[in-house]
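Below is one structure; the comments refer to it alone.
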Amino acid sequence: MALRVYNTLTGSKEEFAPLEPGKVKMYVCGVTVYDHCHIGHARANVVFDMIYRYLRHSGYEVTYVRNYTDIDDKIINRANQEGVPYNVISERYIAEFDRDMAALALDLPTHQPKATEHIAEIIEIIQRLIDKGYAYDVEGDVYFSVEAFNPYLKLSKRNLEEMQAGARIEVGEKKRHPMDFALWKGSKPGEPYWESPWGKGRPGWHIECSAMSMKFLGETFDIHGGGKDLVFPHHENEIAQSEAANGKPFVRYWLHNGFVNINAEKMSKSLGNFFTIKEVLEKYDAEVLRFFLLSAHYRSPIDFSDQNLKESEAGLERIYKALAGIDDALAAGAGAGRTDEELAEKVGTLDERFREAMDDDFNTAQALGYVFDLVRAVNRVLAEGGCDGALLAQARDAIRQVGRVLGIITSEADAFVERLQGRKAAELPVAVEEIERMIEERNAARKAKDYGKSDEIRDRLLALNIVLLDSPQGTSWKVK
RNA sequence: GGCGGCGUCGCCAAGUGGUAAGGCAAAGGUCUGCAAAACCUUUAUUCACCGGUUCAAAUCCGGUCGCCGCCUCCA
């Protein structure tokens with residue numbers, strides 16, 4: 001079955017066929033580097049990382065470009081607040097972004113261009129737009145004339161009259177039409193600037209993406225992605241600039257991810273209801289966060305909450321425990337020579353079902369459901385005494401393979417469980433030595449069959465969120 | 001106001017015409033001194049509501065209600 005993707009431009013799922021067979025050219029709007037990234041940024045980047053990985057897994061050679069917007073009003077504001085040059089701000093938050101993305105196990109894009117390194121290309125396109133009559137300069141600013149570009153608003157499916165009726169648009173005196181947008185902004189005193197045919201200034205927000213995508217991917221390329229909130233105006237304006245300048249279709253498939261919500265409301269800077277990636281990673285394992293973000297379809301909204309993160313943690317732990325169980329069974333050689341029809345069937349079809357789910361517009365939620373199907377079969381077989389090692393090893397490899405493509409389940413099973421426990425143990429109000437002393441005391445009581453005392457100790461530990469696990473090998477403990 | 005999306009078990013979440021995946025939680029069982037953990041099993045005749053089309057609808061159409069997003073910087 002061929003890959004089908006939902007294209008915002010057509011509003012429907014379409015069979016994916018790249019311009020050049022076997023090769024995919026993909027551009028995703030990165031961040032404006034003026035502050036820490038929040039979970040919404042994490043989602044967008046994880047989603048397109050997953051798409052990047054799956055395309056490669058499907059045999060495509062992918063050129064993936066993700067930019068940094070490193071010059072912008074917000075960066076300048078921030079720099080002014082702190083009394084530092086703008087690039088101190090942008091460089092700081094580029095480093096932060098890189099750290100966050102690395103923590104979330106993102107693969108590096110093929111290119112990560114910066115707007116400020118492409119000023120010459122930007123100026124060239126603006127000049128071309130002016131020459132072709134799509135743009136005009138006024139007192140050091142250059143604007144794109146939306147009325148000159150007929151297909152304007154084809155992506156967001158609106159029309160100019162409606163947009164104006166919205167009344168929230170301020171009519172800049174310099175603009176010929178209230179919807180016209182800036183390609184070049186003349187600089188005010190004290191602001192960073194670059195020389196241009198229209199005077200000292202800096203690029204507008206949208207033009208950088210047209211310039212950089214053209215440079216690295218050509219005038220027409222396959223996939224352009226970003227959050228839903230970029231559909232208008234950012235992507236709409238990119239289309240206008242690029243198609244007007246080149247006279248060719250810009251992008252073949254537009255992909256947009258849904259928002260991260262807090263209590264069913266969009267997480268955003270302006271609402272102030274956001275969590276930074278850094279904050280969340282202090283509390284949850286990065287792999288858990290990634291698993292959470294992939295547990296819903298990328299176009300659906302996903303609700304960020306403590307409970308949901310905990311559920312993801314439990315779910316991921318379930319997968320790891322099955323893998324640990326396989327390792328143990330393989331080491332022990334239990335059940336050699338036995339087979340299991342259901343397990344064999346699930347193992348044999350996981351890859352096929354995974355592809356089927358992913359080929360349907362990257363349905364990671366469905367794909368994870370199939371992984372859990374196999375996990376359940378594995379657990380059942382292990383509980384029944386195991387089966388032939390080769391089949392168990394295949395089950396493990398099948399699960400790991402899916403994990404590799406999604407960028408999860410990449411740790412050693414034991415290491416993951418220990419990581420989670422270490423994280424929780426660090427928050428305990430008691431020292432580990434004290435816990436172990438109490439456990440010894442309890443075991444002494446149990447040996448003496450003084451169960452009243454042993455249960456009392458257990459309850460005391462439970463009150464501290466510590467759960468005891470008795471086994472023939474002795475008593476271990478974990479944080480609830 | 002315009003445009004778009006959503007409403008599936010207590011919670012999360014797949015499913016776009018063929019008779020409801022999966023996870024969490026819960027209950028029962030195995031195990032255990034008792035527990036916990038682990039594992040197994042069970043848990044929506046029903047998909048916001050009302051009509052319609054169809055042999056067949058959560059899925060298509062019309063209407064109602066509720067929620068959300070975009071229209072302004074935003075992943």
Side-chain angles (χ1 to χ4, degrees), chain A residues 8 11 13 28-32 34 37-48 72-74 153 156-159 161-170 179 205 225-234 236 256-261 264-271 274 291-292 295-297 299-303 305 307-316 318-319 321-322 324-325 353 357 360 363-373 375-376 378-384 446 449-452 454-455 458-459 461-462 466-472 475-478 480:
Chain A
T8 307
K13 279 186 203 168
V28 172
C29 292
V31 287
T32 301
Y34 74 103
C37 289
H38 59 62
I39 300 304
H41 299 110
R43 184 181 196 189
N45 283 286
V46 165
V47 160
F48 286 101
D72 165 270
D73 290 354
K74 278 183 282 204
L153 304 179
S156 52
K157 298 168 185 63
R158 306 157 200 261
N159 64 62
E161 291 69 42
E162 282 166 6
M163 299 293 287
Q164 287 179 79
R168 279 154 93 185
I169 299 150
E170 281 175 41
M179 294 296 292
W205 173 34
K228 261 193 165 79
D229 46 0
L230 295 183
V231 173
F232 184 89
H234 186 52
E236 199 70 71
H256 292 99
N257 64 276
F259 298 131
V260 176
N261 287 165
E265 276 191 329
K266 177 187 172 183
M267 177 186 290
S268 77
K269 286 271 167 123
S270 37
L271 286 171
F274 62 92
F291 179 90
F292 166 72
S295 65
H297 185 94
R299 282 190 287 120
S300 308
I302 189 167
D303 217 66
S305 70
Q307 191 193 342
N308 289 347
L309 265 286
K310 283 195 174 127
E311 283 183 9
S312 288
E313 192 171 272
L316 189 55
R318 177 175 165 84
I319 296 173
K321 282 184 176 166
R353 297 203 289 168
D360 184 14
N363 195 336
T364 52
Q366 174 90 78
L368 288 173
Y370 292 147
V371 170
F372 280 111
D373 274 342
V375 163
R376 186 156 25 80
V378 165
N379 285 334
R380 200 204 74 243
V381 166
L382 292 179
E384 287 168 359
R446 289 178 73 208
K449 295 212 189 314
D450 183 356
Y451 294 121
S454 75
D455 288 354
R458 187 171 65 197
D459 289 344
L461 284 166
L462 186 61
I466 294 159
V467 180
L468 297 188
L469 310 153
D470 292 329
S471 79
T475 302
S476 59
W477 59 278
K478 64 172 232 173
K480 202 177 175 180

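A, B, ... follow the sequence lines: proteins, then strands. Residue 1 opens every chain.
Figure legend. B:G17 is base-paired to no nucleotide; pairs are counted as Watson-Crick or G-U wobble with both atom distances under 3.5 Å. In this structure, B:A38 forms a base pair with B:U30, meeting either the Watson-Crick or the G-U wobble geometry with both donor-acceptor distances under 3.5 Å. Pairing partner, B:A44: none, since no Watson-Crick or wobble contact has both distances short of 3.5 Å. B:U54 makes up no base pair with any nucleotide shown, lacking Watson-Crick or G-U wobble contacts both under 3.5 Å. Pairing partner, B:C24: B:G10, with both Watson-Crick or wobble hydrogen-bond distances short of 3.5 Å. When Watson-Crick and G-U wobble pairs are counted only if both distances are under 3.5 Å, B:G69 pairs with B:C3.
Note that CZ of A:R43 is 13.0 Å distant from NE2 of A:H38, once rounded to the nearest 0.5 Å. To the nearest 0.5 Å, the span separating CD on A:E313 from CG on A:N308 amounts to 12.5 Å.
Here, B:U59 and B:G52 have their C1' atoms 15 Å apart, quoted to the whole Å. Comparing B:U16 with B:C11, their C1' atoms are spaced 25 Å from each other, to the whole Å. B:U53 and B:G62 have their C1' atoms separated by 11 Å, given to the nearest Å. Rounded to a whole angstrom, the distance from the C1' atom of B:A25 to that of B:G2 is 43 Å. When the C1' atom is compared between B:C24 and B:A14, the two are found 15 Å apart, to the nearest whole Å. Nucleotides B:C49 and B:A57 have their C1' atoms positioned 16 Å apart, rounded to a whole Å. On the C1' atoms, B:C39 is 25 Å away from B:A44, given to the nearest whole Å. Taking atom C1' in both B:U43 and B:G10, the straight-line distance is 11 Å, to the nearest Å.
By the 4.5 Å heavy-atom criterion applied to side chains, A:I319 and A:F372 are counted as neighbours. Using a 4.5 Å heavy-atom cutoff, the side chains of A:R446 and A:T475 are in contact. Taking the side chain as every heavy atom from C-beta outward, A:N261 and A:I302 never approach each other to under 4.5 Å. When side chains are defined from C-beta on, A:R318 counts as touching A:R376, because their heavy atoms get closer than 4.5 Å.
Here A:K310 lies out of heavy-atom contact (under 4.0 Å) with every strand. Counting non-hydrogen atoms under 4.0 angstrom, A:S305 reaches nothing in the nucleic acid. When heavy atoms are screened at a 4.0 angstrom cut-off, A:G227 is found touching the sugar-phosphate backbone but no base atom. The residue A:K269 sits apart from the nucleic acid: no heavy atom pair falls under 4.0 Å. Counting any heavy atom pair closer than 4.0 Å across all strands shown, A:G258 reaches a base atom.
Comparing B:A38, B:C70, B:G23 by their nearest atom to the side chain of A:E311 picks out B:G23. Looking at the side chain of A:V467, the nearest of the listed nucleotides B:A75, B:A36, B:G15 is B:A36. Counting only heavy atoms from C-beta on, A:L469 has its side chain closest to B:A37 among B:C73, B:G23, B:A37. When distances run from any side-chain atom of A:N379 to the nucleotides B:C40, B:A14, B:C34, the shortest one goes to B:C40. Considering only the side chain of A:D373, B:A21 comes nearest among B:A13, B:G23, B:A21. Nearest to the side-chain atoms of A:F372 among the listed nucleotides B:C34, B:G23, B:C12 stands B:G23. Distances from the side chain of A:V31 to the nucleotides B:G23, B:G15, B:A75 place B:A75 closest. For A:R318, taking side-chain heavy atoms from C-beta onward, the closest of the listed nucleotides B:G23, B:C34, B:A21 is B:G23. When each of B:C40, B:C12, B:G33 is scored by its nearest atom to the side-chain atoms of A:R376, the top-ranked nucleotide is B:C40. Among the nucleotides B:A14, B:A75, B:G33, the one closest to the side chain of A:A44 is B:A75.
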Check against side-chain contact (heavy atoms from CB on, under 4.5 Å), A:H256 and A:V231
CA-CA 8 Å; A:H256 292 99; A:V231 173; 3.5 Å; yes
side-chain contact (heavy atoms from CB on, under 4.5 Å) between A:H234 and A:F232, worked out:
CA-CA 5 Å; A:H234 186 52; A:F232 184 89; over 6 Å; no
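Rounded to an integer number of Å, the gap from CG of A:N308 to P of B:G10 is 16 Å. Atoms CD (A:E384) and C1' (B:C40) sit 9 Å apart, rounded to a whole Å. B:G69 atom P lies 7 Å from atom CG of A:N261, rounded to whole Å. Rounded to an integer number of Å, the gap from A:H256 NE2 to B:C68 P is 23 Å. Regarding A:F292, its CZ atom lies at a distance of 8 Å from the P atom of B:A13, rounded to whole Å. Regarding A:H297, its NE2 atom lies at a distance of 11 Å from the P atom of B:C6, rounded to whole Å. In this structure, OH of A:Y451 is placed 16 Å from P of B:A36, rounded to the nearest angstrom. When the P atom of B:A75 is taken as reference, atom CG of A:D229 falls 6 Å away, rounded to whole Å.
Each of A:M267 and A:S156 was matched to the nucleotide of RNA chain B holding its nearest heavy atom; the match closer to the 5' end belongs to A:S156. Nearer the 5' end of RNA chain B, as judged by each residue's closest nucleotide, is the contact made by A:A383, out of A:A264 and A:A383.
Ring stacking is absent between A:F259 and B:G69, as the pair misses the limits of under 5.5 Å between centres and under 30 degrees between planes.
Under 4.0 angstrom from either OP1 or OP2 of B:G15 there lies at least one side-chain N or O belonging to A:N363. For B:A14, one of the phosphate oxygens OP1 or OP2 lies less than 4.0 angstrom from a side-chain nitrogen or oxygen of A:S300. Contact annotation: A:K157 side-chain N/O to B:G2 OP1/OP2 distance is not under 4.0 Å.
A:D470 contributes no side-chain N or O that forms a donor-acceptor pair with the base of B:G33 under 3.5 Å. At a cut-off of 3.5 angstrom, the base of B:A75 holds no donor-acceptor pair with the side chain of A:R43.
At least one cation-pi condition fails for A:K228 and A:F259: the charged atom is not both under 6.0 angstrom from the six-membered ring centre and inside a 45 degree cone around its axis.
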